[in-house]
Amino acid sequence: MMIITDSASDITKQEAEEMDIRIVWLKTKFSDGDFPLETEEDFIHFFDKLAEEKELPVTSQPSPEEFLQLYEEAKEKNEEVLVITLSSGLSGTVNAANLAKQMSEYEKIWIIDSEQAIVTQRFLVQKAVDMRAQGKKMEEIVAAIEDLKKRVTVCGMLDTLTYLKKGGRIPAALAVLGNVLQIKPVIELKDRELTMLGKARGRKGGVKYLWKEYESYEIDEKEPVYFGYTSDKEIGEKFMEETVEKYGLTNYHLYPVGGIIGTHVGPACVAISFVKKKKDEKELF
């Protein structure tokens with residue numbers, strides 16, 4: 001079984017080889033050309049360059065031909081294919097994957113719009129890899145991913161309003177005032193898109209806001225909690241350690257966030273993702 005995802009999952013080239021999956025790369029282009037995002041070192045250099053540039057880089061989705069090349073490879077081996085893409089609310093990548101399936105005239109391809117990105121997209125891919133290793137059939141894996149993608153949630157705290165301003169999401173005057181007042185936007189990936197949950201004063205206030213959001217759900221403790229960060233691993237580790245201690249977590253992981261979503265949230269951002277209980281599980285308690 002061939003598992004394909006795209007680079008919005010922030011799975012590095014080396015990790016993809018270790019997981020035995022394929023990555024289709026979204027392109028990120030600054031004024032002086034394309035910028036690779038294949039390694040954690042690339043992620044670090046990306047945020048250095050992002051801080052230097054006046055304009056945000058442009059991100060473009062993969063072409064259908066890039067998916068088609070992998071489909072043809074699987075077709076020659078009569079191999080099943082599972083594709084888990086970046087949320088359709090953020091990119092047309094899933095459309096490219098579907099168009100390539102039509103072009104391939106190969107039926108053994110299952111395409112899932114993850115409705116997620118960064119650590120939650122990574123989580124879904126990792127789940128598929130684990131189930132493949134357990135010998136699960138494609139139909140069972142697809143059903144599990146379709147269920148989990150509706151229950152997994154990621155929330156993040158931005159360090160600055162600057163990149164929302166650069167992206168035209170808020171007026172420049174509001175960004176300047178907000179940065180002076182140390183306003184930290186709190187966002188969530190919801191209904192396929194990044195949405196504003198609220199604002200907090202200072203980093204401590206932002207962390208408390210994320211904890212409040214975490215506490216507002218019934219958590220599926222069978223699944224891991226993922227933490228993410230942009231550019232500053234130290235603040236990611238600190239947030240994770242505080243959260244682990246506060247809630248007694250035993251199953252958790254920390255991952256860097258690269259430039260696909262990092263373009264819009266900026267450096268020094270932290271995030272937490274978790275899986276909500278199924279409705280039928282809630283009714284049992």
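Just so we're clear, the structure is a prediction, and the values are computed from it rather than from any experiment. In this chain, numbering begins with 1 at the start of the sequence shown.
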Problem - NZ or CZ of Lys277 within 45° of Tyr217 ring axis and under 6.0 Å - result: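 That pair does not qualify as a cation-pi contact.
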
Handout entry: NZ or CZ of Arg122 within 45° of Tyr255 ring axis and under 6.0 Å
Key =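 Yes, a cation-pi geometry holds between Arg122 and Tyr255.
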
If we only count heavy atoms from C-beta on, is the [X] to [Y] side-chain gap below 4.5 Å?
X      : Y      : value
Leu86  : Gln121 : yes
Ile187 : Val265 : yes
Val186 : Lys199 : no
Phe239 : Trp211 : yes
Trp110 : Glu80  : yes
Glu237 : Glu241 : yes
Val119 : His253 : no
Ile112 : Thr85  : no

Output the distance between atom [atom1] ([X]) and atom [atom2] ([Y]), rounded to the nearest 0.5 Å.
X      : Y      : atom1 : atom2 : result
Lys13  : Ile23  : NZ    : CD1   : 11.0 Å
Thr5   : Ile21  : OG1   : CD1   : 6.5 Å
Ser114 : Lys149 : OG    : NZ    : 7.5 Å
Leu37  : Phe46  : CG    : CZ    : 6.0 Å
Asp10  : Glu40  : CG    : CD    : 10.0 Å
Glu105 : Glu107 : CD    : CD    : 9.0 Å

Give me the atom names and distance for the closest heavy-atom approach of [X] to [Y].
X      : Y      : value
Ala117 : Leu90  : CB-CD1, 4.1 Å
Asp42  : Pro36  : CB-O, 3.4 Å
Tyr252 : Thr250 : CD2-C, 3.8 Å
Phe67  : Pro62  : CE1-CB, 4.1 Å
Met157 : Lys184 : CG-CB, 3.9 Å
Ala97  : Tyr71  : O-OH, 3.0 Å

Side-chain heavy atoms nearer than 4.5 Å, only ILVMFWY residues, links allowed to pass through others: does that put [X] and [Y] together?
X      : Y      : answer
Ile261 : Leu26  : yes
Tyr229 : Val244 : yes
Phe43  : Val257 : yes
Val225 : Val207 : yes
Val24  : Met1   : no

Could [X] and [Y] be called an ion pair, given the rule that one side-chain N must be under 4.0 Å from one carboxylate O?
X      : Y      : result
Asp130 : Lys136 : no
Lys238 : Glu242 : yes
Arg22  : Asp6   : no
Glu193 : Lys190 : no
Asp220 : Lys276 : no
Asp159 : Arg203 : yes
Lys49  : Glu53  : yes

Exercise for the section: Take Arg132 and Val129 through the side chain to side chain contact (heavy atoms under 4.5 Å, CB included) test and state the conclusion after the steps. Expected result: CA-CA 5 Å; Arg132 177 181 64 181; Val129 169; 4.1 Å; yes

Please check this pair: side chain of [X] against backbone of [Y], looking for a donor-acceptor N/O pair closer than 3.5 Å.
X      : Y      : result
Ser9   : Ile118 : no
Asn98  : Val94  : yes
Ser273 : Thr120 : no
Lys27  : Trp25  : yes
Thr230 : Cys269 : yes
Asp113 : Ser88  : yes
Thr12  : Glu15  : yes

Exercise for the section: Applying side chain to side chain contact (heavy atoms under 4.5 Å, CB included), run through Lys108 and Val81 and close with a yes or a no. Expected result: CA-CA 6 Å; Lys108 295 182 180 182; Val81 180; over 6 Å; no

Atom [atom1] of residue position [X] - does it have more than 12 heavy atoms of other residues, nucleotides or ligands inside 6.0 Å?
X      : atom1 : value
Glu73  : CD    : yes
Asp191 : CG    : no
Glu221 : CD    : no
Gln69  : CD    : no
Lys75  : NZ    : yes
Glu215 : CD    : yes
Gln134 : CD    : yes

Looking at [options], which one forms a side-chain contact (heavy atoms from CB on, under 4.5 Å) with [X]?
X      : options                      : answer
Ile4   : Ile84, Ile109, Val125, Val83 : Val83
Phe274 : Ile219, Leu249, Val152       : Ile219
Val270 : Leu254, Asp232, Leu210       : Leu210

Exercise for the section: Apply side chain to side chain contact (heavy atoms under 4.5 Å, CB included) to Glu213 and Leu197, showing your working. Expected result: CA-CA 9 Å; Glu213 190 67 15; Leu197 275 178; 3.8 Å; yes

Handout entry: Candidate pair Ile272 and Thr243, rule side chain to side chain contact (heavy atoms under 4.5 Å, CB included), full reasoning
Key = CA-CA 9 Å; Ile272 181 172; Thr243 307; 4.0 Å; yes

Exercise for the section: Would you check if there is a donor-acceptor pair between the side chains of Glu72 and Tyr106 at a distance under 3.5 Å? Expected result: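 On atom types as modelled, these side chains do not qualify, holding no pair under 3.5 Å.
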
Practice task
Assign the ring pair Phe35 / Phe30 to parallel, tilted or perpendicular, where the plane angle (0 to 90°) is split at 30° and 60°.
Solution key: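 Ring orientation, 0 to 90° scale: perpendicular.
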
